[in-house]
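Please read the structure below before turning to the comments.
Computed from heavy atoms alone, side chains included, the values below leave out hydrogens, waters and symmetry copies. In this chain, numbering begins with 1 at the start of the sequence shown. Computed from a predicted structure; not experimentally measured.
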Amino acid sequence: MRRTLAVVAAAMTIVGAGVLTETQKPAGAKPTIYDVTVTVEGAPHTGTMALAVAGGKVSGSMHIKSPDEITGKAAGTVKGGEMLLDFPYHMVVRKCDGNFQAAVKMPDKKAPAKMTATVSILPCGRPDGSRLPGTIELTPVTKK
């Protein structure tokens, strides 16, 4: 009897998991590529960001190229029309790490649109742990 209940419970778990995955986007959702400008303390930092949304989760990458190289594995969630990004970044030349946070209001249209938001940056090497405010501008890269 116990074994039968265990098999039924396992089967229900598998069926339930199948229902959840059918309603979500595929795990390998195609990323949207953006030109990105992050401005902190009046200094713009430019590069690209690739963001994919699947099942309410955001994944991707950030690669700032100017004035210094900064890389990060983008992560976050989408909730109520807002993309909440929160991920660590690495400053290549300074060889230090920090944290990037932003709350980006998603455009109403399905097509990617220019998005702007405020950001909170925990600078690398900052001994007091205080965050810096700034802005982010994401502009979809158009194929030429």
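- Val141 belongs to a hydrophobic cluster whose remaining members, ordered by chain and number, are Ile33; membership requires side-chain heavy atoms of ILVMFWY residues under 4.5 Å apart, directly or through intermediates.
- When all heavy atoms of Ala52 and Pro31 are compared, the closest pair comes out as CB-CA, 3.8 Å.
- Every residue two or more places apart in sequence or in another chain that forms a side chain to side chain contact (heavy atoms under 4.5 Å, CB included) with Arg94 is listed here: Met91, Cys96, Cys124.
- Contact annotation: the side chain of Met49 approaches that of Leu138 to within less than 4.5 Å [non-hydrogen atoms, C-beta and beyond].
- Note that CG of Asp97 and CG of Leu122 are 10.0 Å apart. Values are rounded to the nearest 0.5 Å.
- Residue pairs that meet the ring pair (Phe, Tyr, Trp, His ring centres under 6.0 Å) test with at least one member in residues 66-92, sequence neighbours left out, are Phe87-Phe100.
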List the atom pairs, donor and acceptor, that lie under 3.5 Å between side-chain atoms in residues 63-73 and the rest of the protein, sequence neighbours left out.
unit_1: His63; atom_1: NE2; unit_2: Glu69; atom_2: OE2; d: 2.8

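- Interatomic distance, OH of Tyr34 versus CG of Leu51, reported as 6.0 Å (0.5 Å rounding).
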(Q) Show, in sequence, the C-alpha distance, side-chain angles and deciding distance for Asp86 and Asn99, and conclude whether the side-chain contact (heavy atoms from CB on, under 4.5 Å) test is met. (A) CA-CA 7 Å; Asp86 188 353; Asn99 182 263; 3.3 Å; yes
Donor-acceptor contacts under 3.5 Å from residues 76-85 side chains, at least two apart:
none

Can you list, pair by pair, the side-chain donor-acceptor contacts under 3.5 Å of residues 41-48, counting residues two or more places apart and other chains?
unit_1: His45; atom_1: ND1; unit_2: Val38; atom_2: O; d: 3.3
unit_1: His45; atom_1: ND1; unit_2: Ala43; atom_2: O; d: 3.0

